[in-house]
Amino acid sequence: QVQLVESGGGLVQAGGSLRLSCAASGRTLSSYAMGWFRQAPGKEREFVAAISWNGGDTRYSDSGKGRFTISRLNAKNTVYLRMNSLMPEDTAVYYCAQGRESWTGIRINDYVYWGQGTQVTVSS
């Protein structure tokens with residue numbers, strides 16, 4: 001069983017940046033895609049970004065393109081999400097997840113293990 005622990009969330013002003021980290025234990029992640037999702041109050045969980053097992057393929061939501069960058073360091077069993085130019089509508093709990101396969105899925109069902117989430121709050 002893999003455990004995923006997110007960190008790096010917090011309160012930031014609009015236009016600011018944050019880097020989220022997701023550290024895994026219990027299993028090496030190097031064979032699996034990893035993803036970031038978010039859930040705002042009263043809304044469904046939505047896809048943010050995904051990265052293939054070797055980092056060769058990345059995918060982003062329309063809202064994240066050009067502002068967010070997903071990366072991974074398999075040697076540290078860690079995945080990152082760099083978020084720039086943050087906006088109040090980015091406020092949400094951000095979750096990382098391990099994919100079922102090595103390719104980058106964008107659906108919740110493409111992921112099997114989830115972290116507990118980290119709160120990101122962007123003030124205007």
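Residue numbers start at 1 and run along the sequence shown.
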Next on the checklist: Please determine whether residues M34 and I108 belong to a single hydrophobic cluster, defined as Ile, Leu, Val, Met, Phe, Trp and Tyr linked transitively by side-chain heavy-atom distances below 4.5 Å.
Outcome noted: no

Next on the checklist: Which heavy atom of W36 sits nearest to which heavy atom of V79, and what is that distance?
Outcome noted: NE1-CG1, 3.6 Å

Checklist entry - Under 6.0 Å from the CD atom of Q3, do we count more than 12 heavy atoms belonging to anything else shown? => result no

Item to check | Any residue meeting side chain to side chain contact (heavy atoms under 4.5 Å, CB included) with V120, in chain and number order, not counting sequence neighbours | outcome: L18, L20, M83, Y94, V122

Item to check | Residue pairs, two or more places apart or on separate chains, that pass side chain to side chain donor-acceptor pair (under 3.5 Å) and touch residues 6-24 | outcome: S17-N84

Checklist entry - How would you list, by chain and number, every residue that makes a ring-ring contact (aromatic ring centres under 6.0 Å, His included) with F47, sequence neighbours excluded? => result F37

Checklist entry - Where the side chain of N74 meets the backbone of W53, is there a donor-acceptor pair that is under 3.5 Å apart? => result yes

Checklist entry - Given L81 and V48, is the side chain to side chain contact (heavy atoms under 4.5 Å, CB included) satisfied, shown in steps? => result CA-CA 9 Å; L81 183 69; V48 175; 4.1 Å; yes

Checklist outcome for this item: In short, W103 meets D110 closest at the heavy-atom pair CH2-OD1, 3.9 Å

Item to check | Polar side-chain atom of S52 near backbone of D57 as donor-acceptor pair, under 3.5 Å | outcome: yes

Checklist outcome for this item: Minimal heavy-atom distance between S124 and A14, with the atoms involved, is CA-CB, 4.3 Å

Checklist outcome for this item: Closest non-hydrogen atoms of T118 and G9, given as atom of the first, atom of the second and distance, are OG1-N, 3.2 Å

Checklist entry - Has the side chain of R100 got a donor or acceptor atom that lies under 3.5 Å from a matching backbone atom of N109? => result yes

Checklist entry - Listed by chain and number, what are the salt bridge (Lys or Arg N to Asp or Glu O under 4.0 Å) partners of D90, not counting sequence neighbours? => result R38, R67

Next on the checklist: Count I, L, V, M, F, W, Y as connected when their side-chain heavy atoms are under 4.5 Å apart, and connections chain through other members. Are L29 and V112 then in the same cluster?
Outcome noted: yes

Item to check | Shortest non-hydrogen contact from L11 toward S123 | outcome: CD1-CB, 4.3 Å

Next on the checklist: A cation-pi test, strictly: NZ or CZ of R72 under 6.0 Å from the centre of the six-membered ring of Y80 and no more than 45 degrees from its axis. Yes or no?
Outcome noted: no

Checklist entry - Does the side chain of N77 reach to within under 4.5 Å of the side chain of T28, using non-hydrogen atoms? => result yes

Checklist entry - Do R45 and W114 meet the cation-pi criteria used here (NZ or CZ under 6.0 Å from the six-membered ring centre, within 45° of the axis)? => result yes

Next on the checklist: Please check: side-chain N/O of T91 versus main-chain N/O of E89, any donor-acceptor pairing under 3.5 Å?
Outcome noted: no

Checklist entry - Counting only heavy atoms not in Q116, do more than 12 sit closer than 6.0 Å to its CD atom? => result no

Checklist entry - Are I106 and Y95 joined in one hydrophobic group, where the rule is that I, L, V, M, F, W and Y side chains link up if heavy atoms are under 4.5 Å apart? => result yes

Checklist entry - What disulfide (SG to SG under 2.5 Å) pairs are there with at least one residue in residues 3-119, not counting sequence neighbours? => result C22-C96

Next on the checklist: Once side chain to side chain contact (heavy atoms under 4.5 Å, CB included) is applied, do any residues pair with Y32, and if so which ones, sequence neighbours excluded?
Outcome noted: R27, Q98

Checklist entry - Transitively linked via ILVMFWY side-chain contacts under 4.5 Å: I51 with Y111? => result no

Next on the checklist: Distance check, rounded to the nearest 0.5 Å: N54 atom CG versus S102 atom OG?
Outcome noted: 8.5 Å

